[in-house]
Structure formats: structure tokens, C-alpha cells
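In this chain, numbering begins with 1 at the start of the sequence shown. Heavy-atom basis, side chains included; hydrogens, waters and symmetry copies ignored.
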Amino acid sequence: MKPWLLMHQRQLEFELTLIDVLKGEQKSPEYLKVNPLGVVPYMITPEGVGIGESNAMLWYLAHGSPLMPNDRTEQAEALQWMFFEQSKLEPYISPARFFTTILPQEKDARAEDIAKWQSQAEPGLHRLDAYLSDRDFILKSGYSIVDIALYGYVHVMDEAGISRLDYPEISRWIDNVAQTDRYHPLSELGQPSQQAA
Ligand SMILES: N[C@@H](CCC(=O)N[C@@H](CS)C(=O)NCC(=O)O)C(=O)O
């Protein structure tokens, strides 16, 4: 969702190919030729260079736009929160959501893991909630690349069985992001299997 939302908000032209991980399409020989790591998302730049990792894709796509902070300190803060997202939130919210919402038939069998991932996400979410208490967006200068990076998984925390109600500042920030110009909700992108269904 993250690069897709940023491209919409920057009004960039792009071609989207949905890869259905539930069908294992990310490991197909055709896809592995494009991205040998066999994961999504992946981006091919107009120059034909392949870029993996959603936050690296955001960095490329935000270049030269108001979504990329100009200030050196804010650029460092942006990177700090993007690494934080990948180390403290994504590794826990993503699998908890996957086995709760995307593959609910596995939910009971994975109940112990899900509970562990949910509690592992808590310290990061509490940190983010406290940080947002005196601001509308992550950076003082306003809505940026970092909000998009964090928003991707944080805004679907309920789908991972983690209640937004426990994080009032995050909830307020989620609403702020959803009100930014040319915002597009995840429901529009859908999950590949849901679209095929
Ligand atoms: N840190 C990467 C996550 C890449 C990743 O693990 N993608 C998952 C889906 S969100 C995937 O492709 N899983 C399928 C697999 O590992 O086979 C990013 O932010 O882009």
C-alpha cells in the first residue's frame, strides 16, 4: 500500500501488477526473474532499476517532492522512524494480521504465535502513541514520507487483533493521514485473493 498511496498522492504515473502471495505467485519463476528475493512489494524504476523494501521505494518516489523533508535533521528523523517501523512494528503486526485476517483459517492453530506478535508490537505502538501526543504528523514540518511508512501497517492494527482504542494518539493521527490530499484507502487496492474471489 505504501508506495501505491505515495504515487497516488504525488500523481505519478505507474503500472501496478498484483502478486497473490496466497497463491505463491511471489515464488513463480516469472516473478523470481524480476525479484530474486521472491517477496512483495517490488518496483522497477523508469530507468529499469529494481528496488525492493517498501521504505526504499518511498525514498525514491518522494525525491524532490514536499513529502521528502529538506531539513537535514528531519531527514535523519525520517530515517529513524522508517527503521523503527521495520524493526519494531512491521515484523509483529504483519504476521499477526496475516494469520488473523488474511488467512483466518490458520488463526486457531497459530493462536500462541499471534498472541506473542501482538504483545511484541505493544512497546513500539506505545512509543509511537506517546510521540504523537503533541503533533498531528510525525515530523514537525507536516505530512511526509514517514507518515506513509508508518501508516501502512499501523492503520490496520485492528486486523491484527490489536485495538486502536488502546492508542488514542495513534487513532487521531490515522484520521489525520486519511484526510490528506488524494488519499486512497487500502480497500481500493484490496488483497489479490479478495479481488479474485
Ligand atoms: N520489509 C519488506 C517486507 C517484504 C515482505 O516480507 N513481504 C511479504 C508480504 S508483506 C511477502 O512478500 N511475503 C511472502 C514471502 O515471504 O514469501 C518491505 O517493507 O517491503
Side-chain touch F83/L79, heavy atoms, less than 4.5 angstrom: yes
Within-4.5 Å side-chain heavy-atom neighbours: W117 and I162: no
Nearest non-hydrogen partners of F84 and L150, listed with the distance: CD2-CD2, 4.3 Å
Within-4.5 Å side-chain heavy-atom neighbours: H155 and V177: no
Minimum heavy-atom distance P3-L61, with the two atoms named: CB-CD1, 3.8 Å
From CD1 (I170) to CZ (R164), nearest 0.5 Å: 9.5 Å
Check against side chain to side chain contact (heavy atoms under 4.5 Å, CB included), Y167 and L132: CA-CA 10 Å; Y167 302 95; L132 285 166; over 6 Å; no
Point-to-point distance, once rounded to the nearest 0.5 Å, from CE of M7 to CG of L58: 9.5 Å
Same apolar cluster: L16 and L186, side chain cutoff 4.5 Å: yes
Q105, CD: over 12 other non-hydrogen atoms inside 6.0 angstrom: yes
Spatial distance of atom CG (L89) from atom CG (L128) [nearest 0.5 Å]: 6.5 Å
Stepwise side chain to side chain contact (heavy atoms under 4.5 Å, CB included) check, V49 with Y60: CA-CA 11 Å; V49 178; Y60 175 92; over 6 Å; no
T101 versus E159, closest heavy-atom pair with distance: OG1-O, 2.5 Å
Within 6.0 Å of CZ in R182, more than 12 heavy atoms from elsewhere: yes
CA sep, side-chain torsions, deciding dist, call: L37, Q26, side chain to side chain contact (heavy atoms under 4.5 Å, CB included): CA-CA 9 Å; L37 289 178; Q26 77 282 15; over 6 Å; no
Close side-chain approach of S54 to Q86, heavy-atom, < 4.5 Å: yes
Minimum heavy-atom distance between G152 and K2, given as atom pair plus value: CA-CG, 3.9 Å
Residues, nucleotides or ligands: over 12 heavy atoms within 6.0 Å of D108 CG: no
Flag if over 12 foreign heavy atoms under 6.0 Å of NE2, H63: no
T100 side chain reached by K107 side chain, heavy atoms, under 4.5 Å: yes
Hphob cluster co-occupancy, V39 + V34, side-chain heavy atoms under 4.5 angstrom: no
Gap separating the CG atom of D147 from the CG atom of L67, nearest 0.5 angstrom: 9.0 Å
E47 atom CD: more than 12 heavy-atom contacts under 6.0 Å: yes
Euclidean distance, N35 CG relative to I44 CD1, rounded to 0.5 Å: 8.0 Å
E169 side chain vs Y131 backbone, donor-acceptor pair below 3.5 Å: no
Beyond-backbone contact of Y153 with E85, side-chain heavy atoms, under 4.5 angstrom: yes
Heavy-atom pair of closest approach, residues S144 and L139: OG-CD1, 3.5 Å
Under 3.5 Å: donor-acceptor pair, side chain of S94, backbone of P91: no
Minimum heavy-atom distance between M82 and N55, given as atom pair plus value: O-ND2, 3.2 Å
CG on D136 to CG on N176, rounded to 0.5 Å: 5.0 Å
Candidate pair K33 and E30, rule salt bridge (Lys or Arg N to Asp or Glu O under 4.0 Å), full reasoning: CA-CA 5 Å; K33 262 190 239 158; E30 297 80 9; over 6 Å; no
Trace of the side chain to side chain contact (heavy atoms under 4.5 Å, CB included) decision for Y42 with M57: CA-CA 8 Å; Y42 199 71; M57 295 162 68; 5.7 Å; no
Side chains of K140 and D134 in contact at under 4.5 Å (non-hydrogen atoms): yes
Shared hydrophobic cluster for L32 and M43 (ILVMFWY, side-chain gaps under 4.5 Å): no
Near-ring test H8/Y183, centroid separation under 6.0 angstrom: no
Side chain to side chain, F99 and D113, heavy atoms closer than 4.5 Å: no
